[in-house]
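First the structure, in the form of structure tokens, and then the observations on it.
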Amino acid sequence: MVNLDRLQCTFRERYGTEPRLFRAPGRVNLIGEHTDYNGGFVLPMAVDRETVVAASARDDRQVRAFSLELDSAVDFDLDHPGQRQRGLWLDYVEGVAQALEARGVRLRGADLLLDSNVPIGAGLSSSAALELAVGLALTSIAQAQVEEIALALAGQQAEHEYVGIKCGIMDQFTAALARVGHALLIDCRTLETKYIPLNSSRAYVAICDTHVKHALASSEYNTRRAQCECGVELLRGVLPDIRALRDVSVVDFQTFGHLLAESIKRRCRHVITENARVLAAADALSTGDLETMGELMFLSHDSMRDDFEASCTELDLLVDIARSIKGVIGARMTGGGFGGCTVNLVSCDALEEFQAVVSRRYKKVTNIDMAIYISEASDGAKEIGRECQA
């Protein structure tokens, strides 16, 4: 966990004032990949890893921030927006601040100190954790009343405008609204959310980090999004009422999918069938049917690998190893793809064997030491308090 004593004491040493502390979690998506920006359904949970921001208000409009994790300082002026898409972590911090300002939230200058144990580049949404923790810190010290959904939307806007990733709302929404012990079934069009209980007495959620992130991830993400939008335009010729792939049923696609070029067809087939899998998975978890949930996870991975082509050799290897281990209920890649993590549903009595076998066999094939995180479903963004021990 993030060392709150260290964070608070370092803040006092660096800035000479007493901070308030704010945190936001990373997330893992149990099922529902690349459906969010297609207006569809997702089923994520917040992980028990977090970004924590220590913050105090200033009397001017300057924001100074230092990351302990990155050993890096940035600063900006709220009244003079900086250049966008610089490729720096500043893009996330200034991006969410300017998104809030654009929404009519009057912020104050701030001194910020950040730390995080959400691994960067693993597909666990360290960026959303950063955006929501910073957004909550800035609005709170400015005494601005901003609802969780508005914070999530500001985080998404930061990604779109300052970072240059046309992400859906899932990551920020989960970081804002997650509830301990539950997954979130999110309708990414209406933002309606249903909390789905996770029974941790029968199975663990195990996240396997490939420690690989292929360079094409960001560009291919935007390409996949454009391909989905192209599919909607083409299908609208025969289904005039559709607004997004979420509006196309599996039956509709079986009838009209032949009208699409092969690559577009495969991308659309993944999204359409994935939406159906998400709804079935939520029903399965709600009734404690982990076996059906696991089958849907495996099917989701196969679809991401074959139709959406967003997996990679390392992710496929981890899922194949998981399939071979007795007691693994389900496994799939999670996140945008081309590296990052798999998420696994593992029977409690099989966890020790799972960790040993996966680590050994992955290392043997790739010569990479992977990481495995066992996570409970945690709460969303909130203020925390703890006294620094001298």
Side-chain angles (χ1 to χ4, degrees), residues 1-2 25-31 33 44-51 69-70 115-130 171 174 198 200 203-218 220-221 293-294 297-298 300-306 308-378:
M1 301 300 290
V2 171
R27 69 95 189 93
V28 64
N29 194 20
L30 299 176
I31 193 167
E33 228 61 74
M45 73 174 210
V47 297
D48 49 12
R49 288 174 170 262
E50 62 191 3
T51 293
E69 181 186 20
L70 301 176
D115 202 3
S116 179
N117 63 356
V118 184
I120 296 173
L124 298 182
S125 200
S126 59
S127 59
L130 172 60
D171 295 353
T174 306
L198 287 173
S200 59
Y204 291 103
V205 174
I207 303 162
C208 296
D209 188 349
T210 63
H211 282 164
V212 168
K213 193 65 175 179
H214 295 289
L216 52 79
S218 293
E220 287 298 316
Y221 181 99
M293 176 67 188
M297 291 172 71
F298 283 126
S300 174
H301 182 80
D302 293 344
S303 181
M304 281 290 286
R305 180 193 63 208
D306 300 334
F308 216 68
E309 296 182 287
S311 188
C312 64
T313 300
E314 295 85 359
L315 289 168
D316 293 340
L317 173 62
L318 283 177
V319 173
D320 288 343
I321 295 171
R323 287 183 200 264
S324 71
I325 300 172
K326 184 178 180 181
V328 173
I329 301 167
R332 60 181 292 275
M333 61 154 287
T334 185
F338 308 103
C341 294
T342 63
V343 58
N344 306 263
L345 200 60
V346 183
S347 298
C348 293
D349 58 2
L351 182 63
E352 186 175 345
E353 180 185 4
F354 171 82
Q355 292 174 295
V357 172
V358 170
S359 298
R360 183 180 68 250
R361 290 179 58 184
Y362 184 76
K363 169 77 170 181
K364 181 178 180 180
V365 175
T366 65
N367 201 33
I368 297 172
D369 290 314
M370 59 169 298
I372 300 177
Y373 315 116
I374 311 303
S375 184
E376 301 268 344
S378 77

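What you are looking at is a predicted structure, and each value in this text was computed from that prediction instead of being measured.
- Sorted by first then second residue, the salt bridge (charged side-chain N to carboxylate O under 4.0 Å, His left out) pairs that include residues 335-347, not counting sequence neighbours, number zero.
- Salt bridge annotation for Glu33-Arg332: present, with a cationic side-chain nitrogen under 4.0 angstrom from a carboxylate oxygen.
- There is no side-chain donor-acceptor pair under 3.5 Å between Ser126 and Arg49.
- Residues Ile368 and Thr210 are not in side-chain contact: their nearest non-hydrogen atoms beyond the backbone lie 4.5 Å or more apart.
- With a 4.5 Å cut-off on side-chain heavy atoms, Arg305 and Met333 do not count as touching.
- Taking 4.5 Å as the limit, every side-chain heavy atom of Ile372 sits out of range of all side-chain heavy atoms of Asp209.
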Met45 and Leu198: CA distance, side-chain angles, deciding distance, side-chain contact (heavy atoms from CB on, under 4.5 Å) verdict: CA-CA 9 Å; Met45 73 174 210; Leu198 287 173; 3.5 Å; yes
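- Looking only at distances, a side-chain donor or acceptor of Asp48 sits under 3.5 Å from a matching main-chain atom of Glu376.
- Applying the side-chain hydrogen bond (donor to acceptor under 3.5 Å, both in side chains) definition to pairs two or more places apart or across chains, those involving residues 333-342 are Thr342-Asn344.
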Test side-chain contact (heavy atoms from CB on, under 4.5 Å) applied to Met297 and Met293, step by step: CA-CA 6 Å; Met297 291 172 71; Met293 176 67 188; 4.0 Å; yes
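- Residues Arg361 and Ser324 form a side-chain contact, since some pair of their non-hydrogen atoms from C-beta on lies under 4.5 Å apart.
- The shortest side-chain heavy-atom distance between Gln355 and Ile374 falls under the 4.5 Å cut-off.
- Taking every heavy atom of both residues into account, Met370 and Cys208 meet most closely at CE-CB, 3.4 Å.
- Using a 4.0 Å cut-off between a side-chain N of Lys or Arg and a carboxylate O of Asp or Glu, Lys363 and Asp369 qualify as a salt bridge.
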Test log, rule side-chain contact (heavy atoms from CB on, under 4.5 Å), inputs Met304 and Leu315: CA-CA 11 Å; Met304 281 290 286; Leu315 289 168; over 6 Å; no
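- Using modelled atom types and a 3.5 Å distance limit, the side chains of Asp171 and Ser125 yield a donor-acceptor pair.
- Comment: Arg323 engages Asp302 in a salt bridge, judged by a side-chain N to carboxylate O separation of less than 4.0 angstrom.
- Inter-residue side-chain proximity for Val47 and Ile207 is flagged as met; some heavy-atom pair is nearer than 4.5 Å.
- Proximity of Ser300 to Phe308: side-chain heavy atoms (C-beta onward) are nowhere separated by under 4.5 Å.
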Val357 and Ile321: CA distance, side-chain angles, deciding distance, side-chain contact (heavy atoms from CB on, under 4.5 Å) verdict: CA-CA 8 Å; Val357 172; Ile321 295 171; 4.2 Å; yes
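- In this structure, the side chains of Pro44 and Leu30 stay at 4.5 Å or more apart for every pair of heavy atoms.
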